[in-house]
Amino acid sequence: MFKSEYLQKVYASVEARNPGENEFLQAVRDVLESLEPVVMQDSKFEKNGVIERMVEPERMISFRVSWVDDNGQVQVNRGYRVQFNSAIGPYKGGLRFHPSVNASIMKFLGFEQTFKNSLTGLPMGGGKGGSDFDPRGRSDGEIMRFCQSFMTELAKHIGADTDVPAGDIGVGAREVGYLYGQYKRLRNEFTGVLTGKGRSFGGSLIRPEATGFGAVYYAVEMLKTFGEDIKGKTFAVSGFGNVAWGTVKKVNELGGKVVTVSGPDGYIYDEDGICTEEKINFLLEMRASGRDKVKDYADKFGVPYFEGKRPWEVKVDVVMPCATQNEVGLEDAKNIVANGVKYYVEVANMPTTDEAVSYLKANKVVIAPSKAVNAGGVAVSGLEMSQNSMRYSWTAEEVDAKLHQIMSDIYKNSWEAAKKYGMEGDLIAGANIAGFEKVADAMIAQGVAY
Ligand code: 2IT
């Protein structure tokens, strides 16, 4: 599969060591393919065992999380923290609470996070964590008790200068609050050990919006390269969580129109666009309700709802998947191409299957990869860490300006990195290479540590 014997050997060992972990193997393949010209040009990567070290987490913790539900019944879940790479900073990455969480998903996310965090230019290593706990239908008290139990173990492994978790799917401001309270109680320390905190106890302005805003800033830069403007363009978005919300809000502010959002139940099509404050805020209400049904939007605003379908069959200018991994498969890619879509911007982590990526590429669709596009979320987490260390907080305008600059730089650096290795216009390769270079350099400089 790889032209480089070195990469072929490393990939074979990853396959042997992580049998059946399909998401992790997919994420590794994607990065190694892009790195081929880099490792073939300089033997230092092989000599220093850089790639074989990068594909093995520095540390992976798995633990039992027992808690008592509202009926007095004891429940048991599994918790994880994958501390993937600390070459350029403390481990940093979100926590995901979702029944699909397993070792493969944790590792793919932690691996991706390492390159993403490097791209932001801020000093953050890569990590990820979470649990197979399903928050759907759980009461507030149950969520709190679960978070407290989860943190009671996690606290042993994290710290403001060691590992700084945040939110991801199923973990928002409420959960971060409960986790933070328990950490403080255990340690008797008020530090920036988590990001995505509430405003009243050290959270950064713009953090809730950051992933979506950053994704749209990236998309604007990308469109500019092709002589296009966001104004008047139509967008298909999936999901209706925090990421989709920020994306819809910013597309709207900049003059574009989002016509779809989706849930596990199906998608809605709003021809006029999700464009009023009432509609945009309703996404937050739907999320907070815990129902996880996008049909509620159709019922409220009287727009068409397509049960069991995904929004990729709608004809738009730009597609932005914002829900979860591998949500866009080959059939979806065929729909996207058939609809004449030119720009495909991944916002969720690894939302596209390998087959779908190949099909989109073969049909000349411009693909913007998630580890660059969604880096605005963790970038503002990095800015939250800075503010906590300074015991100071920036205004929304200050944070937004820094986020905007970071996203423009990520786009520019990705473009340049691809060009440097003869792959001009390949934003996937560019992001992987630009993210890799800094981490590899730091690993070599620090010797065989980890
Ligand atoms: O996937 C991600 O980058 C996140 N869930 C955000 C991580 C963070 O530390 O803010």
Side-chain angles (χ1 to χ4, degrees), residues 1-2 7 10-36 38-39 45 49-62 80-96 98 100-120 124-130 163-166 168-169 324-326 346 348-354 357 369-375 377-378 381 410 414 428-443 450:
M1 182 180 4
F2 297 99
L7 290 180
V10 173
Y11 184 71
S13 78
V14 177
E15 265 188 325
R17 193 175 271 158
N18 306 279
E21 297 194 348
N22 295 328
E23 294 84 3
F24 179 49
L25 295 173
Q26 182 184 345
V28 170
R29 268 195 316 270
D30 171 77
V31 169
L32 297 200
E33 272 166 25
S34 301
L35 296 182
E36 200 130 51
V38 184
V39 301
F45 302 110
V50 171
I51 311 293
E52 45 275 66
R53 285 196 275 157
M54 268 188 192
V55 296
E56 180 68 21
E58 289 176 14
R59 190 177 295 106
M60 180 154 176
I61 300 134
S62 151
Y80 294 95
R81 188 69 184 166
V82 184
Q83 299 182 327
F84 225 103
N85 193 302
S86 64
I88 65 168
Y91 309 106
K92 179 84 196 87
L95 298 170
R96 176 177 293 189
H98 192 271
S100 66
V101 163
N102 57 30
S104 173
I105 288 177
M106 291 286 98
K107 278 194 263 180
F108 115 66
L109 289 165
F111 181 74
E112 291 280 289
Q113 199 81 41
T114 303
F115 300 91
K116 181 198 305 192
N117 293 3
S118 167
L119 281 170
T120 67
M124 301 182 288
K128 202 82 190 190
D163 183 355
V164 182
D168 192 86
I169 293 169
T324 194
Q325 69 272 355
N326 291 329
E346 296 184 336
N349 288 310
M350 201 171 76
T352 326
T353 65
D354 282 348
V357 172
S370 54
K371 64 170 77 67
V373 173
N374 75 24
V378 75
S381 276
I410 290 175
S414 301
I428 299 177
N432 286 333
I433 295 168
F436 167 79
E437 282 181 327
K438 184 174 163 190
V439 178
D441 187 65
M443 286 174 72
Y450 284 115

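Checking Arg53 against Tyr450 by side-chain atom types alone, no donor-acceptor pair falls below 3.5 Å. Between the side chains of Ser34 and Asn432, at least one donor-acceptor pair of N or O atoms lies under 3.5 Å. In this structure, a donor-acceptor pair under 3.5 Å is present between the side chains of Gln83 and Asp163. Using a 3.5 Å distance cut-off with no hydrogens or angles, the side chains of Glu346 and Thr352 do pair a donor with an acceptor.
Just one residue in the list Asn349, Leu95, Val101, Thr324 forms a side-chain contact (heavy atoms from CB on, under 4.5 Å) with Ile169, and that residue is Thr324.
With rounding to the nearest 0.5 angstrom, the CG atom of Leu119 is 9.5 Å from the NZ atom of Lys438. Taken from CE in Met350 to CD in Glu23, the straight-line distance is 6.0 Å, to the nearest 0.5 Å.
Side-chain atoms of Lys128 never come within 3.5 Å of backbone atoms of Gly93 as a donor-acceptor pair (strictly under, hydrogens ignored). Here the side chain of Thr114 pairs a donor or acceptor atom with the backbone of Gly110 at under 3.5 angstrom. A donor-acceptor pair is defined here as one N or O able to donate and one able to accept, closer than 3.5 Å; such a pair exists between the side chain of Asn117 and the backbone of Gly125.
Here the closest non-hydrogen pair linking Ser414 and Ala372 is OG-CB, 4.5 Å.
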Go through it in stages, so that I can follow the logic: the residues are Gln26 and Asn326, the test is side chain to side chain contact (heavy atoms under 4.5 Å, CB included), and I'd like the CA-CA distance, side-chain angles, deciding distance and then a yes or no. CA-CA 10 Å; Gln26 182 184 345; Asn326 291 329; 2.9 Å; yes
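Using the six-membered ring where Trp is involved, Phe115 and Phe436 have ring planes that are parallel, under 30° apart on the 30 and 60° scheme.
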